[in-house]
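Take a look at the structure set out below.
The shown structure was predicted, so the numbers you read here are calculated from the model rather than taken from an experiment. For ligands, and for the atoms within them, numbers begin at 1 and follow the listed sequence.
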Amino acid sequence: MAAVPVDLLKRYEAAGQEHLLHFYPKLSPTEQEDLVAQLTALDVERVNRVFKTAIEYEKAGASSAAINPLPASTFETIIGEPEKEVQWREIGLKAIAAGKVGVLLMAGGQGTRLGSSDPKGCYDIGMPSHKSLFQYQAERIGRVSRLAGGASIPWYVMTSGPTRKPTEAFFKEHNFFGLPEKDVIFFEQGTLPCLTMDGKILLDKPYSIAVAPDGNGGLYAALRSPLSPSDSKRTPLSDMAARGIAYIHTYGVDNCLVRVADPVFIGYSITKGAACGAKVVRKAYPTESVGVIAMRGDKFSVVEYSEITEAQANEIDTATGELAFRAANIVNHFYTREFLESIESIEDQMAFHIARKKIPNVEIPSGEFVKPAKPNGIKMELFVFDVFPFTQKMAVLEVPRQEEFSPLKNAPGTGVDDPQTSKRDLLAQQQRWLEAAGAKVAEGAEVEVSPKVTYAGEGLEGVKGWILTKNGSADTLEALHLLQ
Ligand code: UTP
């Protein structure tokens with residue numbers, strides 16, 4: 001029987017986590033190897049630091065800094081501003097045509113509320129084409145690439161332990177939805193050990209530590225991690241650098257209206273000289289429970305509804321007549337690569353959020369596997385917007401909600417942010433585009449125009465005068481013609 005490797009034991013003793021080796025002498029040789037491999041790879045000192053900062057942050061409570069609306073210089077809208085939109089689109093398309101733009105999808109969530117066993121991006125919201133969310137996103141990338149003269153737009157797809165394999169398999173099965181395989185790059189967000197309430201790492205087997213995904217803010221560390229164990233030198237960030245990518249559009253998987261690689265947003269952020277940009281929609285009503293982007297002291301921040309007073313929630317911006325705190329955050333960001341590269345230096349200051357959970361684990365010293373009835377430990381998560389307070393050059397762009405945001409969060413039939421509301425909102429958008437181009441969609445007809453035909457309503461001039469009466473989806477104008 002192999003003895004506990006001395007260096008490893010010393011490292012774990014110094015970190016106060018040597019209990020993880022408690023069962024080592026009784027393990028089989030393979031189990032011993034497994035445990036040693038895990039413990040060697042784990043940055044246990046970082047885990048301790050992350051825990052310490054998270055606890056301190058939680059104890060300090062929300063910062064007492066005054067919460068104020070965004071300064072006018074950092075905020076613009078495209079609502080009622082068609083000329084600005086045209087200008088920004090042109091700038092964005094130029095950057096895309098120059099091969100400087102990449103797209104980053106956060107698809108590591110487990111979609112617990114939706115309740116589907118597949119990754120959320122595989123979900124069919126019931127449109128006439130029965131396309132998945134991934135397919136809409138892929139086709140939009142393809143269309144933007146064509147609008148920009150055929151430039152390649154690499155698509156970095158962040159998965160997690162539970163979503164990586166089924167996501168890769170889905171893309172392969174669908175032949176990458178027509179995109180070049182070399183331009184779809186999968187990577188995986190990290191995990192962090194689950195801890196006891198006082199910061200000791202838990203075991204889920206005598207030879208393995210209990211881990212949980214590190215939240216969508218795990219993105220930042222994952223961008224510096226190897227793309228796969230067999231390709232340890234290449235990271236998403238190094239791949240971006242090698243391709244000459246300077247600007248990255250990042251978004252969440254579950255918004256059926258998402259404008260992937262949106263030239264308008266990219267052009268806006270470039271024009272503003274932003275290191276980090278955020279797309280927002282107008283808060284629908286003062287008490288809507290969404291986080292809004294605002295200032296906390298002199299720092300950009302996402303402020304929850306519960307953190308502002310009723311008076312603030314109702315405050316009107318006298319310049320526009322709109323709510324002062326209206327910039328609802330929709331997980332849709334712009335970054336320069338330079339900014340993403342710089343995050344490593346501030347990462348230790350970003351406090352993870354603590355969730356107290358019931359975590360099944362192997363107890364020490366009994367070796368008994370317990371499923372607790374009450375929360376017994378903590379999981380630590382970072383949110384993607386946790387970088388905002390560290391951003392000096394931020395720019396926020398407001399876009400119309402009905403055109404750009406309808407998230408899929410809840411199970412069918414919930415009535416809010418569910419598959420039916422996604423389908424309703426996407427069909428309504430298609431109808432608006434067709435009618436703006438001079439066609440008519442008959443009452444009750446479900447007509448879908450593929451992103452292969454139009455990205456944001458452009459290129460539909462040919463439909464003028466058509467009266468579309470049949471349900472169906474069209475990947476070409478000719479196919480659309482048949483729906484009359
Ligand atoms: P949500 O926070 O809405 O989580 O994710 P979810 O997994 O989709 O749904 P629930 O809460 O389990 O029901 C917002 C975005 O962040 C991604 C999701 O895939 C989604 O695009 N995300 C979330 C990650 O990439 N990793 C995570 O660990 C969590």
Which atoms of ligand 1 are found less than 4.0 Å from any heavy atom of [X]?
X	answer
M158	25 (O)
K120	6 (P), 8 (O), 9 (O)
G252	21 (O)

For the 3.5 Å polar cut-off, considering only N or O atoms, please tell me whether [X] and ligand 1 meet it.
X	value
K409	yes
M106	yes
V331	no

Residues [X], [Y]: salt bridge by 4.0 Å N-O rule:
X	Y	value
K205	D34	no
D183	R243	yes
R224	E341	no
K165	E188	no
D418	K409	no

Quickly, which of Y335, F339, F334 forms a ring pair (Phe, Tyr, Trp, His ring centres under 6.0 Å) with Y247? Name it, please.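 Per the ring pair (Phe, Tyr, Trp, His ring centres under 6.0 Å) rule, the option paired with Y247 is F334, out of Y335, F339, F334.
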Can you tell me which residue among T74, V303, L70, I67 is in a side-chain contact (heavy atoms from CB on, under 4.5 Å) with M295?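 Exactly one option meets the side-chain contact (heavy atoms from CB on, under 4.5 Å) with M295, and it is L70.
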### Partner of L408 by side-chain contact (heavy atoms from CB on, under 4.5 Å), out of D417, T421, I125, N255
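Of all the options given, the one that passes is I125.
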Do T163 side-chain atoms and A107 backbone N/O form a donor-acceptor pair below 3.5 Å?
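Yes.
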- prompt: Who's closest to atom 9 (O) of ligand 1 heavy-atom-wise, of G111, A411, G109?
  reply: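 The nearest heavy atom belongs to G111.
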Considering only heavy atoms, which of N255, V253, T112 lies nearest to atom 10 (P) of ligand 1?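 Selected option, by shortest heavy-atom distance: T112.
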Please report which non-hydrogen protein atom sits nearest to [atom], along with the residue it belongs to and the distance in Å to one decimal place.
atom	result
atom 11 (O) of ligand 1	R113 NH2, 3.0 Å
atom 16 (O) of ligand 1	N216 ND2, 3.1 Å
atom 26 (N) of ligand 1	Q189 OE1, 2.6 Å
atom 25 (O) of ligand 1	G108 N, 2.8 Å

Check if S160 has a non-hydrogen atom at a distance under 4.0 Å from any atom of ligand 1.
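For ligand 1, residue contact (heavy atoms, under 4.0 Å) with S160 is absent.
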